[in-house]
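Take a look at the structure below.
All values below were derived from every heavy atom in this structure, side-chain atoms included, with hydrogens, water molecules and symmetry-related copies excluded.
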Amino acid sequence: MASGKNLREFQVRLSERLRQAASAPPQSARLGVQVGDRNLLVGLSDVGEIVALPGAITPVPLTHEWFRGLVNLRGALYGVSDLARFEGRHATSLTKSSRLLAFAPRLGLQAAIVVDRMLGLQNDATLTEAQAGDSASAPGWLGRHWLDSEGRRWTELLLEDLASDERFLAVNR
């Protein structure tokens, strides 16, 4: 029972930090997440909430393999997608550090993506823009590339663009 209490306390602290960061000057910090071998930066205004994986994700028949299924988050059904699998990479392994990143209500899509782990808030002032690898083949919902002070590479994940991507919206086979 103590671990459930600690998890709730962590989620409350994280939500409060996200709210504080969202009220800071625009784009001063973004949320860092890991999906597969990629570090992604997500704008705080695009994030609804971050939750530990609920007991089970209910599969939906006749959907693409990257669509994991449905979960109930605070009384509302959310479609859960595996972003790594959507990109044609290996499926995300569900572990203790995996989280669901729910889209902000303003995006008009009750959806969440599975992330391998949370990497915390990343201050834009510590990032320098980096050259894109092959930007011609990059999907429109991936933005600019950045390097942090430790040399780690980051890519912007534009949830607003992902939420309007025709292929992402077409979960049925």
**Q.** Closest approach of His90 to Ala84 (non-hydrogen atoms, all atoms of both residues)
**A.** O-CB, 3.5 Å

Q. Any chain of hydrophobic side-chain contacts (each under 4.5 Å) joining Phe10 to Leu121?
A. yes

**Q.** Ring-face cation of Arg167 near Phe86 (centre distance under 6.0 Å, axis angle within 45°)
**A.** yes

Q) Is there a chain of hydrophobic side chains (I, L, V, M, F, W, Y, each step under 4.5 Å between heavy atoms) that links Leu31 to Leu142? A) yes

**Q.** Check: Arg13 main-chain N/O paired with Gln11 side-chain donor or acceptor under 3.5 Å
**A.** no

**Q.** Cationic N near anionic O, under 4.0 Å, Arg173 to Glu65
**A.** no

(Q) Does either side chain, that of Thr95 or that of Ser97, offer a donor lying less than 3.5 Å from an acceptor on the other one? (A) yes

(Q) For Gly140 versus Leu158, what's the shortest heavy-atom pair and its separation? (A) O-CD1, 3.9 Å

Q: Say whether Leu41 and Val114 are linked into one hydrophobic cluster, either directly or through other cluster members, by side-chain heavy-atom distances under 4.5 angstrom.
A: no

Q | Where Arg153 and Leu147 come nearest, the two heavy atoms and their spacing | A | CA-CD2, 3.8 Å

Q: Looking only at non-hydrogen atoms, find the nearest pair between Leu77 and Gln110 and report the distance.
A: O-NE2, 3.0 Å

Q. Which value, rounded to the nearest 0.5 Å, describes the distance between Arg117 atom CZ and Asn39 atom CG?
A. 7.5 Å

(Q) Distance check, rounded to the nearest 0.5 Å: Arg152 atom CZ versus Gln122 atom CD? (A) 6.0 Å

Q: Assess whether side-chain contact (heavy atoms from CB on, under 4.5 Å) is satisfied between Leu157 and Arg38, documenting all intermediate values.
A: CA-CA 11 Å; Leu157 171 59; Arg38 182 182 286 167; over 6 Å; no

Q) Rounded to the nearest 0.5 Å, how far does CG of Asp124 lie from CG of Asp148? A) 12.0 Å

Q) Any donor and acceptor pair, going by atom type alone, linking the side chain of Asp82 with main-chain N or O of Thr92 inside 3.5 Å? A) yes

Q. Do side-chain atoms of His64 reach the backbone of Asn172 as a donor and acceptor pair under 3.5 angstrom?
A. yes

Q.
I need the Arg99 CZ to Asp116 CG distance, nearest 0.5 Å.
A. 11.5 Å

(Q) Using the rule that Ile, Leu, Val, Met, Phe, Trp and Tyr join whenever any side-chain heavy atoms are under 4.5 Å apart, tell me whether Ile50 and Val80 fall into a single cluster. (A) no

Q: Starting at CH2 of Trp141, measure out to CG of Leu83 and round the result to the nearest 0.5 Å.
A: 4.5 Å

Q. Any idea which heavy atoms bring Ala102 and Tyr78 closest together, and the distance?
A. CB-CE2, 4.1 Å

Q: Tell me, with the steps shown, if Asp37 and Arg89 meet side-chain contact (heavy atoms from CB on, under 4.5 Å).
A: CA-CA 10 Å; Asp37 60 352; Arg89 299 171 182 233; 2.7 Å; yes

Q) Going through the checks in order, is the side-chain contact (heavy atoms from CB on, under 4.5 Å) test met by Val171 and Trp66? A) CA-CA 8 Å; Val171 300; Trp66 51 263; 3.8 Å; yes

Q: Decide yes or no on side-chain contact (heavy atoms from CB on, under 4.5 Å) for Asp46 and Arg106, but give the supporting numbers first.
A: CA-CA 8 Å; Asp46 290 346; Arg106 73 173 190 80; 2.3 Å; yes

Q. What pair of heavy atoms forms the shortest contact from Leu73 to Val51, and how long is it?
A. CD2-CG2, 3.7 Å

Q.
Is there a side-chain contact between Leu70 and Ile57 in this structure, where contact means two heavy atoms from C-beta onward sitting under 4.5 Å apart?
A. no

(Q) Is there a continuous path of hydrophobic side-chain contacts, each under 4.5 Å between heavy atoms, that joins Leu109 to Val42? (A) yes

Q | Between CG on residue Asp165 and CG on residue Leu159, distance to nearest 0.5 Å | A | 12.0 Å

